[in-house]
Amino acid sequence: MKIGYPCKNVSVGCSSSKRFNLKSYTKAKTEETVRANLECLENVIDFNIKNNIMFFRISSDIVPFASHPVMDFKWQRIFRNEFERIGRLIKKAKMRISTHPDQFVLINALDGNIVERSIKELLYHGEMFDLFGFKTDAKIQIHVGGAYGDKKSAKERFVKNFKKLPLSVKKRIAVENDDRLFTIDDVLEICEKTDAKPLLDNFHDALNPSKQSFEKLLKKASEQWSEKRDGIIMTDYSSQEMGKRKGSHAESIDINDFKHYIDRTKKIDFDIMLEIKDKEKSALKALKYLKEAKRI
DNA sequence: TCATGTCAAGGCGTC
DNA sequence: GACGCCTTGACATGA
């Protein structure tokens, strides 16, 4: 079991997801931003290794506008060495990596143009993972997409369009249950029909529950991951921030809730991405607890 | 300097 | 049909 946090480290004092507005796009500005993002990413990876945090979600903003038509140079060629160096660092430490393109990636969209743009965005993530030298245990995490008033057709479209994905992407896709539309049951159904792997989110399941218990479904889902090819199952973990809107992620880990979660899933080995706002601070708290409980 | 608005991209729920 | 919200960080703008 590995514990991770997404994209940003609040302690290191830099950001690996620096951006700028489209209207101020220039090649020079983009190069400068990518260089700064990669430099920061390396610092964050160092931090993680020193602190034994062995799961990390890499930001989608490493290369701003990577899949946008405005992109007019081969960033892959310019930054090859930097990607390779950071990739070696990660692989040497045996750190698990994921990435999570945002809500605009909809491979089941009704509009073919949206599907096309989504595939381009996914291709960027796949190319980035190839440059890092990651195998297929590093995952690109997406949601099923929109329902468009007909979930059955929406799922069918996902399965159909999944076939159009380039290999660098297809072999790395993990599909997550969301908090409103597609439950774990839906995700499992889709994954059975594709090469995608089910990625379970406990908080989304609490808000948008499946028919069976989370623990049962986690077991079932974990069986769809081939340990050799995909690694053990990845999960997202969060809890409700008290006093905030339903669905708001906690500011800091509620260690009692986490203990309970770990206890009821103890028969399964899985990696946990903590979607908690204070990032590595909660990851360190979770690691401390897991060591005491002899779970890692 | 600080607070607020805006950002490439979409969908959904509410009115 | 318009609008706010999702989730969210970072930049841009304006007081």
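All values below were derived from every heavy atom in this structure, side-chain atoms included, with hydrogens, water molecules and symmetry-related copies excluded.
Rounded to the nearest Å, the gap between the P atom of C:dG1 and that of B:dA8 is 26 Å. One P atom belongs to C:dT8, the other to B:dA3, and the distance between them is 22 Å to the nearest Å. Remark: the separation of the P atoms in C:dC3 and C:dT7 is 23 Å, to the nearest Å. One C1' atom belongs to C:dA10, the other to B:dG11, and the distance between them is 24 Å to the nearest Å.
Aromatic ring orientation, A:Y25 versus A:F65: perpendicular (interplanar angle above 60°, classes split at 30° and 60°). Classification of the A:H100-A:H143 ring pair by plane angle, with boundaries at 30° and 60°, yields tilted.
One interatomic measurement links the two molecules: CD of A:E121 to C1' of B:dG10, which rounds to 13 Å at whole-angstrom precision. For A:D278 and C:dT8, the CG to C1' distance is 15 Å, given to the nearest whole Å. Counting to the nearest Å, the P atom of B:dA8 and the CG atom of A:D72 are 16 Å from each other. Rounded to an integer number of Å, the gap from CG of A:N21 to P of B:dA8 is 5 Å. Per the geometry, OH belonging to A:Y124 stands 17 Å off P belonging to B:dA9, to the nearest Å. Nucleotide C:dT7 holds its P atom 17 Å from the CE atom of A:M273, rounded to whole Å. Between A:F104 atom CZ and B:dA8 atom P the separation is 10 Å, expressed in whole Å. Summarising the geometry, the separation between CG on A:D178 and C1' on C:dC5 is reported as 15 Å, rounded to the nearest angstrom.
At C:dT8, one or more side-chain N or O atoms of A:H249 fall inside 4.0 Å of OP1 or OP2 (strictly under the cut-off). Listed pair A:K8 / C:dA10 meets the phosphate criterion, a side-chain N or O lying under 4.0 Å from OP1 or OP2. The side chain of A:R117 contributes an N or O atom lying less than 4.0 Å from OP1 or OP2 of B:dG10.
Looking at heavy-atom distances under 4.0 Å, A:Y148 makes contact with sugar-phosphate atoms alone, never a base. Looking at heavy-atom distances under 4.0 Å, A:D61 makes no contact with the nucleic acid at all. Residue contacts shown for A:S59 are absent, as no nucleic acid heavy atom lies under 4.0 Å away.
Of the candidates B:dG11, B:dA9, C:dC11, B:dG11 carries the atom nearest the A:I114 side chain, counting heavy atoms from C-beta on. For A:S24, counting side-chain heavy atoms from C-beta on, the closest listed nucleotide (B:dG10, C:dA12, C:dC11) is C:dA12. The nucleotide whose nearest atom lies closest to any side-chain atom of A:Q103 is, among C:dT7, B:dA9, C:dT13, C:dT7. Proximity note for A:K277 (side chain, C-beta onward) versus C:dT8, B:dG11, C:dC11: the nearest is C:dT8.
Aromatic pair A:Y124/A:W75: ring centres closer than 6.0 Å.
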**Study point:** Trace of the salt bridge (charged side-chain N to carboxylate O under 4.0 Å, His left out) decision for A:E39 with A:R35
**Key:** CA-CA 6 Å; A:E39 200 174 299; A:R35 186 155 284 118; over 6 Å; no
Point to revise | Residues A:E42, A:R85; criterion salt bridge (charged side-chain N to carboxylate O under 4.0 Å, His left out); working and verdict | key: CA-CA 9 Å; A:E42 195 164 352; A:R85 188 177 67 245; 2.9 Å; yes
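Nucleotide C:dG1 is matched to B:dC15 when pairs are restricted to Watson-Crick or G-U wobble geometry with both distances under 3.5 angstrom. The partner of B:dA9, taking Watson-Crick or G-U wobble pairs whose two distances both stay under 3.5 Å, does not exist in any strand shown. Searching all strands for a Watson-Crick or G-U wobble partner of C:dT8 with both distances below 3.5 Å returns nothing.
A:D254 and A:Y261 share no donor-acceptor pair across their side chains, judged by distance under 3.5 Å alone.
Along DNA chain C, the nucleotide nearest to A:S17 and the one nearest to A:K23 differ in position, and the one closer to the 5' end is contacted by A:S17.
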